[in-house]
Amino acid sequence: MEYSFNAIEKKWQEKWKADHAYQVSNESTKPKCYVLDMFPYPSGTGLHVGHPLGYIASDIFARYKRLKGFNVLHPMGYDAFGLPAEQYAIDHGIHPAKSTKQNISNFREQLDRIGFSFDWSREVNTAEPNYYKWTQWIFLQLFNSWYDRQKARAMPISELIEAFEKEGSISVSGYRSMTSFTSDEWKKYSEKQQQNILMEFRLAYCGFGEVNWCEGLGTVLANDEVINGFSERGGFPVVKRKLRQWYLRITEYADRLLEGLEKVAFSDAMKEMQSNWIGKSFGAEIDFVLSTDKTKKLRVYTTRPDTIFGVDFMVVAPEHDLISELTTTTEKKSVEEYISYVKSRSERERMAEKKITGCFTGSYVLNPFNQRQIPVWISEYVLAGYGTGAIMAVPCGDERDFKFAQHFNIPVTNIIGSHFNGKEANSTKDAFLENSDFLNGILMRDAIPLVNKKLEELKIGNPRVNYKIRDAAFSRQRYWGEPFPIIWKNGIAYPLDEKDLPLELPKVESYKPGPDGEGPLANLKEWTSRHLETNTMPGYAGSSWYYLRYMDPHNNETFCSRQASDYWNQVDLYIGGTEHAVGHLLYSRMWCKFLYDLDLIGFDEPYKKLVNQGMIQGSSRFVYRIEISGTNEMEVLAKQKPVFISDGLKNKPFPELQKEISDLLVSTWGSGANNIEIISVSRLHVDVSFVDGLELDINAFKSWRPVYAQSVFVLENGKYICGSEVEKMSKTKFNTVNPTELVEKYGADTFRIYEMFLGPVEQSKPWDTKGIEGVHRFLRKLWRLFFDETKGRVWTNEKATEAELKVLHRAIKKLDEDTDRFSFNTAVSASMIMVNELGELKTHKKGILEKLLILLTPYAPHICEELWHLLGNEGSVLDASYPIHDEKFLVESSKLYPVAINGKTRAELNISLEASQQQVEELVLADEAVKKWLNGNSPKKVIYVKNKMINIVV
RNA sequence: ACCCUGGUGGCGGAACAGGUAGACGCGCAGGACUUAAAAUCCUGUCUGCAGAAAUGCGGGUACGGGUUCGAUUCCCGUCUGGGGUACCA
């Protein structure tokens with residue numbers, strides 16, 4: 001009986017489907033385990049080998065946990081709202097719902113071939129009304145909540161209104177932008193005034209702000225969707241523009257998002273990225289009064305108040321409110337010129353050039369401690385949105401300030417003595433201050449609290465904690481997203497009644513943007529006549545809470561019953577790419593904390609453990625075509641019969657190259673080829689499937705496209721060698737590898753194992769199909785433990801020998817440990833060793849083979865299930881229980897001895913070896929002792945190993 | 001510019017807590033079986049020197065230093081591949 005993987009895999013996939021083998025219940029006496037993948041955006045290009053990497057890893061882990069006796073939730077779904085579908089609709093006139101549906105069915109078909117253990121009965125789709133009904137519902141909760149800083153949690157906005165009615169604004173002080181009012185004043189305010197104040201508190205709020213406006217997409221993008229001033233998708237230029245926007249007040253959660261990192265198992269790199277993004281810094285705000293008008297002050301934010309006497313100039317952002325007041329008549333013209341120059345520069349230019357630019361306002365402020373006059377400058381390196389939009393510049397301690405001072409010839413005050421060399425700034429905190437009045441001689445770190453205290457005493461400033469994180473833009477002027485359940489009346493946003501949810505996305509004729517930067521919904525009369533909000537929610541809305549919906553996907557009463565979320569609780573293992581480090585992961589963590597605050601769920605961190613799978617890169621191949629100049633006739637010929645040169649020739653000087661291949665050119669293009677000139681060599685991506693290693697399959701290339709049919713090749717050693725480069729996997733680079741093709745050729749089990757065998761899951765690596773044969777061979781070897789080509793079935797019921805049990809138990813231990821710690825590549829190696837060793841021992845004992853199948857089921861579910869049944873087992877191997885290794889079969893070989901030296905026991909020896917001063921001596925003693933122990937014979941080799949036993953080779 | 005990651009044979013990678021570097025697989029070379037091929041199996045495969053051979057001696061984990069009895073592993077500096085970023089005071 002042969003290993004016919006195609007038939008086996010098809011059979012079991014159908015059987016599992018028919019039996020609902022992966023359906024999981026919310027009720028079980030077993031412990032629970034929630035294994036989650038970041039759900040995919042169903043793009044039109046289908047799956048490439050990079051996509052399933054994380055899914056395979058999580059699937060192995062989920063199956064492993066199931067065998068270990070856990071009730072495992074392992075769901076899958078689709079993040080179906082998004083720009084590409086809408087862009088596709090604009091280009092092709094196909095409704096996003098239709099193309100998305102098509103894409104989803106393609107994805108599903110490809111996924112199903114790989115044999116995942118997803119519980120598809122829990123599938124979610126963020127674009128389905130019965131899903132986004134609850135996205136809208138959660139939005140309404142956010143809209144109807146505010147963040148009570150005293151209690152450090154979200155509270156219903158109704159409580160805030162009550163407080164305003166009773167006590168006015170006093171009870172909620174601490175909000176900078178809020179005007180204060182009494183309860184009587186509050187009651188006298190118009191509804192609009194009241195609502196405007198409440199809007200400053202709502203966790204989902206509407207405001208005006210400078211946003212990234214992308215004309216090409218007709219929409220606003222979040223910071224993390226803009227790359228170097230161009231849209232991430234489409235590459236259209238992005239400019240700043242003020243628009244009405246919805247925001248999530250994620251800034252209120254900054255501290256808790258930071259603290260929460262301590263109790264989750266994310267990688268250090270991931271935690272660092274998130275905490276850098278949140279960017280908590282401790283510093284002070286300091287007021288500087290204008291030298292000409294002491295009632296006017298310029299407030300700065302600094303993290304180094306200790307350097308106050310080193311301030312040589314001030315810098316304000318070009319957008320700063322005080323600029324018109326600061327600018328003197330003599331400087332007016334140059335300031336205006338500078339500001340218009342800054343506006344003309346795109347983000348991209350500002351990023352790329354790192355030019356030092358700036359302009360003097362003509363004004364001076366006074367250092368509050370010594371009344372020194374300090375000039376005020378404007379520069380684009382100070383950002384309006386961070387801190388107060390103004391800084392005190394200390395050139396001897398800050399690199400940017402120093403460069404600015406140098407560029408504009410501003411004299412530098414040195415307050416750190418020899419730590420400053422006059423050539424570059426030194427940001428040390430460990431210098432003793434000089435030229436610093438009452439701080440002279442004090443260590444900088446110690447001076448910080450001193451200055452803060454003084455600032456408060458003199459009422460010229462106060463310590464302040466600042467965050468880099470900004471509120472998240474939460475609206476898009478787009479069609480393909482969740483509509484906001486908001487109705488506008490007289491400029492007031494009213495929430496829709498919960499019973500009117502879902503507010504369904506209407507069908508539109510055109511996906512073109514509406515007027516004045518509004519979304520396509522603004523073109524719809526039935527929509528605008530109801531005064532509904534015309535923005536839609538961004539892509540991350542639906543993905544911020546989907547992990548909860550899987551727990552209770554069909555509930556029509558609530559987004560997820562408390563019973564279900566209490567049972568499944570946190571995601572035990574979350575797998576996905578690092579690209580979502582600061583977007584999705586922060587937003588979903590915030591939503592989780594918010595839902596926790598409202599007591600709708602019982603935990604405030606969604607993911608207990610996060611594993612970031614590495615990116616699988618493509619390995620691109622190139623061919624090199626020579627470009628010529630000559631007569632028209634020759635140039636046409638050169639296009640019809642292109643000449644490609646092998647990789648080793650591409651860097652030759654053109655005249656030399658031309659001389660070398662002139663015969664070939666003449667025979668290809670005729671004698672006219674003598675009068676042409678090679679002017680360049682162009683590099684073209686070639687489909688990786690035509691290349692074996694680096695050698696091009698010339699015939700395959702010729703039949704690729706008609707234009708290449710008559711190609712001519714200049715070879716090296718009889719071969720055409722392609723160039724290669726590691727790049728992102730992409731259809732346009734012809735370096736994608738389709739998993740379905742590999743599954744057809746080698747089977748899903750081989751494909752799964754090969755993806756894992758490629759290297760650590762977390763590591764990025766280029767794809768290379770070479771080597772998959774070895775994995776396939778391994779599965780065939782496994783098969784041969786059960787079936788012999790000539791003899792047929794070979795397994796027996798005999799008792800296993802000691803040697804066989806040793807192999808088995810070593811494998812159990814290794815696979816158990818490796819699978820548990822996500823080291824799937826080494827687990828696969830261990831499996832190969834085990835199967836090889838059992839093959840050598842000619843082991844066909846049923847008892848051993850059964851255990852083997854259980855161990856390998858997570859990796860190769862189909863073949864294991866088949867063999868499990870062929871052995872005569874009734875139930876599915878899915879429900880087997882994971883074997884436990886027995887230490888008694890793992891005793892190390894007799895070459896490893898525990899040794900007593902110099903009459904000391906091993907335990908004592910441990911102590912001696914750790915005392916480093918005596919180590920040399922002790923080791924010599926050890927050698928002697930070993931000799932003695934061997935009755936005077938010298939050992940061949942003595943190796944000291946880490947468990948402090950001595951390994952002696954006799 | 002800054003932050004995060006990596007750099008080990010011809011290749012992917014292993015060495016889990018500082019203890020015999022190169023497991024496992026690919027590729028390559030040789031051999032067995034076969035009319036032949038496929039499939040399968042066996043042997044060898046970091047490197048220099050010595051040896052008929054088993055084997056022995058030395059070098060070696062990007063480069064240069066350091067800590068240690070001992071370093072692929074820890075520290076400092078340099079070079080380099082990949083990813084990220086919001087000039088954050």
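In what follows, chains are A, B, ... by sequence order, proteins preceding strands, each numbered from 1. Note that this is a predicted model, so its numbers are computed, not measured.
Side-chain polar atoms of A:Thr826 and A:Ser829 form no donor-acceptor pair below 3.5 angstrom. Between A:Trp767 and A:Thr769, the side chains place a donor N or O and an acceptor N or O closer than 3.5 Å (distance only, hydrogens not considered). Between the side chains of A:Ser281 and A:Tyr467, no donor N or O sits under 3.5 Å from an acceptor N or O.
Note on A:Asp401: nothing from the nucleic acid sits closer than 4.0 angstrom, heavy atoms only. Within the 4.0 angstrom heavy-atom criterion, only backbone atoms of the sugar-phosphate kind lie near A:Thr826; the bases stay farther away.
One interatomic measurement links the two molecules: CD1 of A:Ile278 to P of B:U85, which rounds to 16 Å at whole-angstrom precision. For A:Arg464 and B:A89, the CZ to C1' distance is 14 Å, given to the nearest whole Å. Separating the NZ atom of A:Lys814 from the P atom of B:C16 is a distance of 9 Å, rounded to the nearest angstrom. Protein atom CD of A:Glu817 is 12 Å distant from nucleotide atom P of B:A17, rounded to whole Å. When the P atom of B:A89 is taken as reference, atom CG of A:Asn466 falls 9 Å away, rounded to whole Å. Straight-line distance from the CD1 atom of A:Ile753 to the P atom of B:G13: 19 Å, rounded to whole Å. Between the CG atom of A:Leu782 and the P atom of B:C24 there is a distance of 18 Å, given to the nearest Å. Across the protein-nucleic acid pair, A:Lys280 atom NZ and B:A86 atom P stand 23 Å apart, rounded to whole Å.
Nearest to the side-chain atoms of A:Arg470 among the listed nucleotides B:C88, B:C26, B:C24 stands B:C88. When the nucleotides B:A86, B:A14, B:C4 are ranked by their closest atom to the side chain of A:Glu272, B:C4 comes out on top. In this structure, of B:A89, B:C88, B:G13, it is B:G13 that holds the atom nearest to the side chain of A:Pro760. For A:Lys468, taking side-chain heavy atoms from C-beta onward, the closest of the listed nucleotides B:A86, B:C16, B:C26 is B:A86. With B:C16, B:A89, B:A23 as the candidates, the nucleotide lying closest to the side chain of A:Ser281 is B:A89. Checking B:C87, B:C26, B:A89 against the side-chain heavy atoms of A:Lys770 singles out B:C26 as nearest. Side-chain proximity of A:Arg821 to B:U85, B:A15, B:C24: nearest is B:A15.
Remark: the separation of the P atoms in B:C46 and B:G10 is 10 Å, to the nearest Å. Spacing of C1' atoms, B:G19 relative to B:U68, comes out at 12 Å, to the nearest Å. Atom name P, nucleotides B:C4 and B:C11: the rounded distance is 30 Å, in whole Å. A distance of about 44 Å separates the P atoms of B:C3 and B:G58, rounded to the whole Å. On the C1' atoms, B:U61 is 12 Å away from B:A14, given to the nearest whole Å. Only the C1' atoms considered, B:A37 is 38 Å distant from B:A52, to the nearest whole Å. When the P atom is used for both B:U34 and B:U45, the distance is 28 Å, rounded to whole Å. Straight-line distance between the P atoms of B:A39 and B:C28: roughly 12 Å, to the nearest whole Å.
Both A:Arg304 and A:Met832 lie close to RNA chain B; mapped to their nearest nucleotides by heavy-atom distance, the more 5′-ward contact belongs to A:Met832. For the pair A:Thr303 and A:Ile469, nearest-nucleotide mapping onto RNA chain B gives the more 5' position to A:Ile469.
Remark: A:Arg445 pairs with A:Asp430 by the salt bridge (charged side-chain N to carboxylate O under 4.0 Å, His left out) rule, at least two apart or across chains. For the ring-ring contact (aromatic ring centres under 6.0 Å, His included) test, residues two or more places apart in sequence or in another chain that qualify with A:Tyr64 are A:Tyr882. For the salt bridge (charged side-chain N to carboxylate O under 4.0 Å, His left out) test, residues two or more places apart in sequence or in another chain that qualify with A:Asp818 are A:Lys814, A:Arg821. Applying the side-chain hydrogen bond (donor to acceptor under 3.5 Å, both in side chains) test to A:Arg784 and every residue at least two apart in sequence or in another chain returns nothing. By the ring-ring contact (aromatic ring centres under 6.0 Å, His included) test, A:His844 is found to be paired with no residue, residues two or more places apart in sequence or in another chain being considered. Taking A:Lys280 as the reference, A:Asp255 meet the salt bridge (charged side-chain N to carboxylate O under 4.0 Å, His left out) condition, with sequence neighbours excluded. With sequence neighbours excluded, no residue satisfies side-chain hydrogen bond (donor to acceptor under 3.5 Å, both in side chains) with A:Asn825. Residues satisfying the ring-ring contact (aromatic ring centres under 6.0 Å, His included) test with A:Phe61, not counting sequence neighbours, are A:Phe822.
In this structure, B:G13 is classed as anti because its glycosidic torsion departs from zero by more than 90°. Its glycosidic angle being within 90° of 0, B:A17 falls on the syn side.
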Short heteroatom pairs, N/O only, protein and nucleotides 10-12 of chain B, under 3.5 Å:
unit_1: B:G12; atom_1: O2'; unit_2: A:Leu758; atom_2: O; d: 2.7

Dump every N/O contact between nucleotides 38-42 of chain B and the protein below 3.5 Å, one line per pair.
unit_1: B:A39; atom_1: O3'; unit_2: A:Arg780; atom_2: NH2; d: 3.0
unit_1: B:U40; atom_1: OP1; unit_2: A:Arg780; atom_2: NH2; d: 2.7
unit_1: B:U40; atom_1: O3'; unit_2: A:Arg784; atom_2: NH2; d: 3.1
unit_1: B:C41; atom_1: OP1; unit_2: A:Arg784; atom_2: NH2; d: 2.9

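For an aromatic pair to be called close, the ring centres must be under 6.0 Å apart, and A:His776 with A:Tyr746 satisfies this. Aromatic ring centroids of A:Phe5 and A:Tyr3 lie under 6.0 Å apart.
For RNA chain B, the stems formed by at least three consecutive Watson-Crick or G-U pairs, with both atom-pair distances below 3.5 Å, span B:1-7 with B:79-85, B:10-12 with B:24-26, B:27-32 with B:40-45, B:46-50 with B:55-59, B:62-66 with B:74-78.
Counting only residues at least two apart or in different chains, salt bridge (Lys or Arg N to Asp or Glu O under 4.0 Å) contacts with residues 297-309 of chain A comprise A:Glu285-A:Arg299, A:Asp287-A:Lys297, A:Asp287-A:Arg299, A:Arg304-A:Asp306.
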